[in-house]
Amino acid sequence: VLIQSALDGYNATIMAYGQTGSGKTYTMIGEQGTPGIAPRAFKRLFELAEEGRSRQEVQVHCYMLELYNDRLIDLLRGTSNLEAEKLEIKRDKRGSVHVQGAIVRHVNTAQHLHAVFEEGLSNRHTAATNMNAESSRSHLLIVISVTVTSKQNGSVLRGKLTLVDLAGSERIHKSGAAAETLKEANSINKSLSALGDVIAALSSEASFVPYRYHRIPSALSSEASFVPYRYCRFSSALSSEASFVPYRYHRIPSALSSEASFVPYRNSKLTMLLQDSLGGNAKTLVFVNVSPAQYNVEESLISLMYASRIKQITNNVCKNADTREISRLKAIICKLKRGEDPGDDSLLTVC
């Protein structure tokens with residue numbers, strides 16, 4: 001369904017989340033003889049494109065990135081030329097996220113797309129830990145852009161399929177990370193913590209009010225008759241007839257005064273990349289992987305808690321479609337920006 005949605009002009013995201021060693025990479029990529037989500041998605045995308053060949057023309061482009069130690073790396077650039085172009089995360093007016101400066105490849109078949117994918121995977125950072133013999137040390141994203149042009153009316157649909165293999169959270173005393181792998185683990189955990197903050201903010205319909213963090217709100221939230229108003233500027237203002245209440249001076253009143261939760265997307269490059277996938281303009285499917293071992297039961301419970309929160313998030317999905325006339329005008333604008341002659345199509349009749 002999500003692959004069809006990309007061809008229908010929607011943004012779609014499939015990602016795997018969970019503890020290190022829980023099988024995320026196996027879920028998304030698979031291995032020889034047992035393909036994962038990504039190879040299956042490549043195959044299905046071109047099968048659907050071939051089925052609609054008589055009605056529409058389909059063009060497919062892709063780029064592939066990893067977020068390693070909070071640094072965006074273009075995996076299709078090659079290990080000898082990683083710093084050649086600065087990568088910047090951008091959003092368009094419809095809320096779709098793209099990375100400016102990334103190498104974009106045009107692909108014609110599922111085999112071609114898979115070959116590009118394998119090329120990028122060969123440049124990804126991995127390392128051995130006590131939890132995983134081939135642990136991913138970075139977050140992996142492959143973004144597939146689909147442009148569908150109708151042969152009947154010339155309308156253009158622009159869809160996007162984003163596949164994400166998140167690096168796993170890890171406990172240092174379990175993974176045995178040291179030196180460079182320790183630095184990688186800290187970066188991974190920091191970005192996943194930022195992702196958790198975004199999920200928590202999006203999953204709550206009302207602002208979270210941390211009553212238990214202070215004596216005043218604890219008293220207000222209980223049935224106790226004594227409220228120590230004089231211990232805080234905010235509570236003193238509430239108890240008086242003064243018109244000014246300093247909401248912004250404390251976490252509790254800020255939460256009470258806001259109508260909607262603030263979503264901290266900009267706290268991490270990972271959450272900026274996933275901004276349209278979580279709470280944005282995309283249909284999103286998340287696989288939450290857990291370990292069956294009793295030794296990892298605490299991490300499994302945390303992963304399941306995140307899963308329950310993710311299910312509460314509502315995205316605002318809209319189709320990315322242009323009519324023939326809009327597409328024509330956009331082409332004219334592009335030619336004018338390049339200093340080219342737009343041709344006879346640019347002539348306008350003035351009455």
Side-chain angles (χ1 to χ4, degrees), residues 15-29 64-75 77 79 82-83 86-89 97 99 120-142 162-203 262-275 277-278 286-291 293 295-307 309-310:
M15 73 174 78
Y17 173 91
Q19 175 194 8
T20 184
S22 59
K24 298 179 302 301
T25 300
Y26 180 79
T27 298
M28 294 303 298
I29 301 173
M64 193 169 175
L65 310 166
E66 72 170 350
L67 184 61
Y68 175 72
N69 283 344
D70 203 36
R71 182 166 58 97
L72 267 181
I73 297 175
D74 190 339
L75 293 176
R77 195 173 296 278
T79 55
L82 291 178
E83 302 295 337
K86 182 180 179 182
L87 302 178
E88 296 184 5
I89 303 169
V97 175
V99 177
L121 284 179
S122 66
N123 296 323
R124 188 185 187 186
H125 287 83
T126 59
T129 69
N130 295 342
M131 299 286 290
N132 193 347
E134 194 173 346
S135 175
S136 302
R137 311 311 293 170
S138 65
H139 305 297
L140 174 71
L141 293 91
I142 179 166
T162 305
L163 304 175
V164 186
D165 178 23
L166 296 173
S169 59
E170 59 184 81
R171 301 284 178 91
I172 305 303
H173 69 277
K174 288 185 177 182
S175 66
E180 189 64 25
T181 55
L182 177 59
K183 180 182 177 181
E184 294 165 350
N186 288 334
S187 177
I188 290 168
N189 288 340
K190 181 180 178 181
S191 60
L192 290 175
S193 176
L195 178 61
D197 290 341
V198 168
I199 292 172
L202 289 170
S203 61
F262 168 70
V263 183
Y265 286 116
R266 299 184 65 84
N267 286 359
S268 169
K269 289 181 180 178
L270 175 62
T271 49
M272 291 175 68
L273 287 167
L274 298 178
Q275 190 165 353
S277 302
L278 296 172
V286 181
F287 289 91
V288 177
N289 295 67
V290 296
S291 169
Y295 179 63
N296 297 320
V297 64
E298 185 176 348
E299 288 87 349
S300 296
L301 288 173
I302 293 173
S303 296
L304 292 173
M305 179 189 69
Y306 276 117
R309 288 183 176 179
I310 290 171

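These numbers come from the heavy atoms of this one structure, side chains and all, not from hydrogens, waters or symmetry mates. Start at 1 with the first residue, then count along the sequence. Predicted model, so just to flag it, every value in this text is computed and none were measured.
- Under a 3.5 Å cut-off, the side chain of S187 and the backbone N or O of E184 do not form any donor-acceptor pair.
- With contacts defined as side-chain heavy-atom distances shorter than 4.5 Å, the pair V288/Y306 does not qualify.
- In this structure, the separation between OG on S138 and CG on N69 is 9.0 Å, given to the nearest 0.5 Å.
- Judged by distance alone, the side chain of S300 and the main-chain N or O of S291 form a donor-acceptor pair under 3.5 Å.
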| task | For the pair F287 and L166, evaluate side chain to side chain contact (heavy atoms under 4.5 Å, CB included) and give the outcome as yes or no after the intermediate values. | result | CA-CA 10 Å; F287 289 91; L166 296 173; over 6 Å; no
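- When atom types are taken as modelled, the side chain of H139 and the backbone of A167 share a donor-acceptor pair closer than 3.5 angstrom.
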| said: Evaluate D70 against S191 for side-chain hydrogen bond (donor to acceptor under 3.5 Å, both in side chains), listing each step before the verdict. | reply: CA-CA 8 Å; D70 203 36; S191 60; over 6 Å; no
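- With hydrogens and angles ignored, the 3.5 Å screen pairs no side-chain donor or acceptor of S22 with any backbone N or O of V290.
- Panel note: side chain E66, backbone H125; a donor-acceptor pair is recorded below 3.5 Å.
- With values rounded to the nearest 0.5 angstrom, Y17 atom OH is found 15.0 Å from T27 atom OG1.
- Across all their heavy atoms, T271 and V198 have their closest contact at CG2-CG2, 3.6 Å.
- Under the 4.5 Å side-chain criterion, counting only non-hydrogen atoms from C-beta, L140 is in contact with I29.
- Contact check on R124 versus D165 returns a salt bridge, with a Lys/Arg side-chain nitrogen under 4.0 Å from an Asp/Glu carboxylate oxygen.
- At least one side-chain heavy atom of L274 sits under 4.5 Å from a side-chain heavy atom of M15.
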| request: Could you please spell out the steps behind the side chain to side chain contact (heavy atoms under 4.5 Å, CB included) verdict for L72 and I89? | output: CA-CA 9 Å; L72 267 181; I89 303 169; 3.8 Å; yes
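- Rounding to the nearest 0.5 Å gives a distance of 9.5 Å between CD1 of I73 and CG of N123.
- For the atom pair CG of D197 and OG of S268, the computed distance is 10.0 Å after rounding to the nearest 0.5 Å.
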| message | Using salt bridge (Lys or Arg N to Asp or Glu O under 4.0 Å), reason through D74 and K86 one step at a time and then give a plain yes or no. | response | CA-CA 10 Å; D74 190 339; K86 182 180 179 182; over 6 Å; no
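- With values rounded to the nearest 0.5 angstrom, E299 atom CD is found 12.0 Å from L304 atom CG.
- Counting heavy-atom neighbours within 6.0 Å of K269 NZ, excluding the residue itself, gives a total above 12.
- Remark: L75 CG to L141 CG distance equals 9.5 Å, nearest 0.5 Å.
- Minimum heavy-atom separation, R309 to S203: O-CB, 3.2 Å.
- Checked by atom type and distance alone, the side chain of K24 pairs as donor or acceptor with a backbone atom of Q19 at under 3.5 Å.
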